[in-house]
Amino acid sequence: YQILYAMPPNLPYDIVVYYLAQIFGLDLAGKLFVVATIGVSVLGPALLYVASTGRYSVWPWVGFLFAYNRLFAWGFLGYLFSLGIAFGVVALWAFTRKKRPLLLTFFVRSLAATMVLIGHLYAFGMLGLIIVLMAFCHFAEEIRSLPWRDVVQIAIWELSPLLVPIVIFFLLSPLSQQQGDIVFGPFLRKIVSLTSPMVGQLVLSDLVGLFVVGAVFLFLLLKGKIKFHCYALPLLFVMAVVHLLMPDKFFSSYGADKRMPIGMAFAFVALADLKVSRKTYIRVFSIFFIVFIVRVSAISMHWRSFAPIHEEFGKAISLIDKGSRIIYLVGTETPYELPLYPLTEHAGWAVIQKNVFWPGLFANPIHNGQSVAFRKPYDGMFLTANLQKIHLDALSDFLKEKTVQGDFFVKRVLPCYDYVLLGAEKPGFIPKDLNWNMAYSGRHFALYRVGARIEESQLNAYCNFFREKIIFNEF
């Protein structure tokens with residue numbers, strides 16, 4: 001691999017975890033970042049609430065209901081962490097409005113906005129959207145009492161700090177030069193994704209929680225007990241329109257249109273206020289607290305059920321020789337969606353711990369917005385990552401070369417690798433009679449030493465061969 005000295009706008013994990021790992025070690029540093037993501041994503045909207053209302057309240061802590069959302073379950077921690085920072089920066093914008101000296105305010109705001117951009121491009125887009133609508137709300141009020149020239153001058157000071165990170169993005173980010181495809185997904189999926197702030201992997205129980213919380217919100221709205229800041233409703237409307245118009249694939253990201261609903265949920269919390277009696281307040285938050293406790297308990301049990309899987313994976317990786325080439329196959333019932341067993345997240349852990357080559361690593365060129373790239377001659381080997389997901393029922397035939405794809409994999413792909421790691425979402429689906437040298441066998445994984453027969457100098461030819469094979473599009 002090689003480091004890309006550029007500024008892909010998705011770096012909070014790279015920056016924060018790197019320094020935490022120097023103190024706490026990699027595993028604990030990763031867990032601390034997960035906790036920090038939950039805290040920051042809730043704290044940011046809470047700060048904006050204080051900046052908007054000028055007072056403290058229990059209301060913004062409703063955000064904890066949305067802390068575990070579908071994007072969190074998918075591992076989009078960089079975006080969620082940066083989104084929380086973005087709401088905090090909007091609060092900074094509100095706190096420093098018309099503060100002098102203006103140049104110092106401009107510098108602080110520009111620096112804060114640039115930090116959000118470095119964190120995540122979509123979080124920066126959310127930041128810009130909120131600040132523009134907030135500014136227009138203030139301009140609509142000021143134009144009645146101030147000369148229009150003064151209003152224009154205020155507008156320049158309010159919005160110009162956003163230009164600094166935009167210029168930096170076009171100068172330094174590899175994404176700004178990328179000619180990626182723009183692909184739109186099914187429209188119905190956009191509607192379904194509106195439930196994502198509270199619906200993760202435990203769909204049934206999460207939907208029940210969403211129904212209860214939604215019913216409480218709807219009752220309070222109909223009774224006029226929830227009051228909004230002047231730009232809250234226009235913001236939520238614009239965010240909904242952007243969500244419906246956003247493509248599924250944009251720049252190097254997939255699921256681009258899945259990012260907006262959680263932003264809408266946190267914006268609702270940050271820019272609304274509950275105006276009820278103390279007794280009603282206690283009743284409302286008692287309901288929310290019960291939903292929160294039940295949901296967290298269910299999520300905790302669900303996570304614990306995956307602990308043996310991660311432990312087995314760690315045991316298998318511990319047996320791999322440093323610097324090896326390894327390919328990972330997962331037998332899954334959903335080969336066209338994200339499998340239950342992580343494909344790329346485990347890859348990063350193995351690369352750091354064992355310095356292995358892993359074709360499914362999040363790196364250039366397969367994932368353009370990353371700080372790591374495949375170096376030659378491995379820059380074409382990522383194509384074999386297309387073979388990672390095999391339908392569970394076809395796994396045995398695939399590995400025993402009874403299918404065209406399996407024959408291609410065993411005869412053409414395996415010779416490039418030292419190890420193959422097999423995983424199956426259901427026990428018993430990994431065949432035990434493979435004619436390979438087994439290095440580890442568990443309930444969920446099996447590791448085989450296959451011994452690379454293709455030298456590094458020959459990989460370029462194999463990569464060109466892989467590129468020409470349309471067979472990869474059939475997986």
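Small disclaimer: the values here were computed from a predicted structure and weren't measured.
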Closest approach of Val199 to Arg295 (non-hydrogen atoms, all atoms of both residues): N-NH2, 4.1 Å

Under 3.5 Å side-chain donor-acceptor pair for Ser160 and Arg109: no

Under 3.5 Å donor-acceptor, Asp206 side chain and Gly200 backbone: yes

Side-chain donor-acceptor contact under 3.5 Å, Ser57 with Tyr281: yes

Neighbour count above 12 (heavy atom, 6.0 Å) for Phe237 CZ: no

Over all atoms of both residues, closest heavy-atom pair of Phe313 and Trp349: CE2-CE3, 4.0 Å

Heavy-atom closest pair, residues Pro9 and Phe169: CG-CE1, 4.0 Å

Pair Lys258-Arg70, side chain to side chain contact (heavy atoms under 4.5 Å, CB included): steps then yes or no: CA-CA 9 Å; Lys258 310 300 185 296; Arg70 190 173 301 162; 6.0 Å; no

Backbone N/O of Ala46 and side chain of Trp61: donor-acceptor pair under 3.5 Å: no

Ion pair Asp248/Lys190, N-O distance below 4.0 Å: no

Proximity of Phe124 and His120 rings by center, below 6.0 Å: no

More than 12 heavy atoms of other groups within 6.0 Å of Phe184 CZ: yes

SB check Asp257 Arg259 (cutoff 4.0 Å): no

Phe211 atom CZ: more than 12 heavy-atom contacts under 6.0 Å: no

Backbone N/O of Ser193 and side chain of Ser196: donor-acceptor pair under 3.5 Å: yes

Near-ring test Tyr13/Phe81, centroid separation under 6.0 angstrom: no

Backbone N/O of Ala272 and side chain of Trp59: donor-acceptor pair under 3.5 Å: yes

Distance flag, aromatic centroids of His138 and Phe136, threshold under 6.0 Å: no

Ile3 atom CD1: more than 12 heavy-atom contacts under 6.0 Å: no

Main-chain N/O of Val296 paired with Ser300 side-chain donor or acceptor, under 3.5 Å: no

CD (Gln153) with more than 12 external heavy atoms under 6.0 Å: no

Aromatic ring proximity, centroids under 6.0 angstrom, Tyr68 and Phe72: yes

Nearest heavy atoms of Pro197 and Pro261, plus distance in Å: CG-O, 3.6 Å

More than 12 heavy atoms of other groups within 6.0 Å of Ile293 CD1: yes

Atom of Ala424, atom of Leu395 and distance for their closest heavy-atom approach: CB-CD2, 4.4 Å

Donor + acceptor pair across side chains of Thr53, His229 (<3.5 Å): no

Pair Phe217 and Phe268, ring centroids less than 6.0 Å apart: yes

Nearest atoms (heavy-atom pairs only) where Trp358 meets Phe374: O-CE2, 3.9 Å

Under 3.5 Å: donor-acceptor pair, side chain of Thr280, backbone of Val276: no

Distance-only polar pair, side chains of Tyr49 and Asp273, donor-acceptor under 3.5 Å: yes

Derivation of the side chain to side chain contact (heavy atoms under 4.5 Å, CB included) call for Ile327 and Phe409: CA-CA 11 Å; Ile327 189 165; Phe409 173 78; 3.8 Å; yes

Whether His310 and Phe306 hold their rings parallel, tilted or perpendicular, with breakpoints at 30° and 60°: tilted

